[in-house]
Amino acid sequence: QVQLVESGGGLVQAGGSLRLSCEVAGTNLNYHAIGWFRQVSGKEREGISCISSSGDHTYYQESVNGRATISRDNAKNTVYLQLISLKPEDTAVYFCATVWLQLCQANVIRNTHEQWGQGTQVTVSS
């Protein structure tokens, strides 16, 4: 069974940065496109970034474009999301998930399964 575990969140001041990690177990990461999502309490989860299985294509949703960098280390079965210039509106629980490769390549982020991990909380103070 594929498991994805997020970490790296925390409390930071506006303008700060964080690097989130998504450790993948139970599968070969080389076969999967991965997406990052976030959810604000009371709102729907939204996809904010994805990376193709080979890493040659990345996409960023407008709200994080220019402030986020997604990367992957298949040898470590880990995908990262570096966030800079954080804003209070970035406060959310962040999740990672396997996503549809063809959709990611078309700049659409859709998770392939409905199972989610616990996520990692990012809180940005003003």
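Only this structure's heavy atoms are used, side chains among them; waters, hydrogens and symmetry mates stay out.
- The stretch residues 79-126 participates, sequence neighbours left out, in these ring pair (Phe, Tyr, Trp, His ring centres under 6.0 Å) pairs: Phe37-Trp116, Phe95-Trp116.
- Partners of Ala14 under the side chain to side chain contact (heavy atoms under 4.5 Å, CB included) rule, at least two apart in sequence or in another chain, are Pro88, Val124.
- For Asn65, the side chain to side chain contact (heavy atoms under 4.5 Å, CB included) partners two or more places apart in sequence, or in a different chain, are Tyr60.
- With sequence neighbours excluded, the residues forming a salt bridge (Lys or Arg N to Asp or Glu O under 4.0 Å) with Arg67 are Asp90, listed by chain and number.
- Heavy-atom minimum distance, Val99 versus Cys104: CG2-CB, 4.3 Å.
- Closest of all the heavy-atom pairs between Thr98 and Leu4 is N-CD2, 4.1 Å.
- If you chain together hydrophobic residues whose side chains sit under 4.5 Å apart, Leu81 and Ile109 never meet in one group.
- Side-chain N or O atoms of Glu6 include one that pairs as donor or acceptor with a backbone N or O of Cys96 at under 3.5 Å.
- With 3.5 Å as the limit, one finds no donor-acceptor pair spanning the side chains of Thr78 and Ser21.
- Membership of an apolar cluster is not assigned to Leu11, as no side-chain contact below 4.5 Å to another ILVMFWY residue is traced.
- The distance from atom OG of Ser71 to atom CD of Gln82, rounded to the nearest 0.5 Å, is 8.0 Å.
- For the atom pair CG of Asn77 and CG of Asn28, the computed distance is 6.5 Å after rounding to the nearest 0.5 Å.
- The environment of CD in Gln61 is crowded: more than 12 heavy-atom neighbours from other residues, nucleotides or ligands sit within 6.0 Å.
- To the nearest 0.5 Å, atom NE2 of residue His32 and atom CG of residue Asn74 are 10.5 Å apart.
- Side-chain contact between Val40 and Glu89: absent, with no pair of heavy atoms (C-beta onward) separated by less than 4.5 Å.
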Can you list, pair by pair, the side-chain donor-acceptor contacts under 3.5 Å of residues 42-50, counting residues two or more places apart and other chains?
residue : atom : partner : partner atom : Å
Glu46   : OE2  : Arg38   : NE           : 3.0
Ser49   : OG   : Tyr59   : O            : 3.0

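- Here the closest heavy-atom approach between residue Leu83 and residue Leu20 is recorded as CD1-CD1, 4.1 Å.
- Between atom CD of residue Gln105 and atom OG of residue Ser54 there is a gap of 7.5 Å, rounded to the nearest 0.5 Å.
- Interatomic distance, CD of Gln13 versus OG of Ser126, reported as 9.5 Å (0.5 Å rounding).
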Test side chain to side chain contact (heavy atoms under 4.5 Å, CB included) applied to Gln3 and Thr27, step by step
CA-CA 8 Å; Gln3 289 186 318; Thr27 187; over 6 Å; no
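- Shown here for Arg72 and Ala33, the closest heavy-atom pair between the two residues is NH1-CA, 4.2 Å.
- Considering every non-hydrogen atom in both Ala97 and Asn111, the closest pair reads CB-CB, 4.2 Å.
- Taken to the nearest 0.5 Å, the OG1 atom of Thr58 stands 7.5 Å off from the CD1 atom of Ile70.
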Apply the test side chain to side chain contact (heavy atoms under 4.5 Å, CB included) to residues Ile34 and Leu29: give CA-CA distance (whole Å), side-chain angles for both, the deciding distance (0.1 Å), then the verdict.
CA-CA 9 Å; Ile34 300 293; Leu29 184 59; 3.8 Å; yes
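- Across Val93 and Gly119, no two heavy atoms sit closer than the pair CG1-CA, 3.9 Å.
- Side-chain heavy atoms closer than 4.5 Å link hydrophobic residues (I, L, V, M, F, W, Y) into clusters, and following such links, possibly through other members, connects Trp36 to Val24.
- Placement of Val79 and Val2 within a single hydrophobic cluster is found when ILVMFWY residues are connected by side-chain heavy-atom separations under 4.5 Å, directly or transitively.
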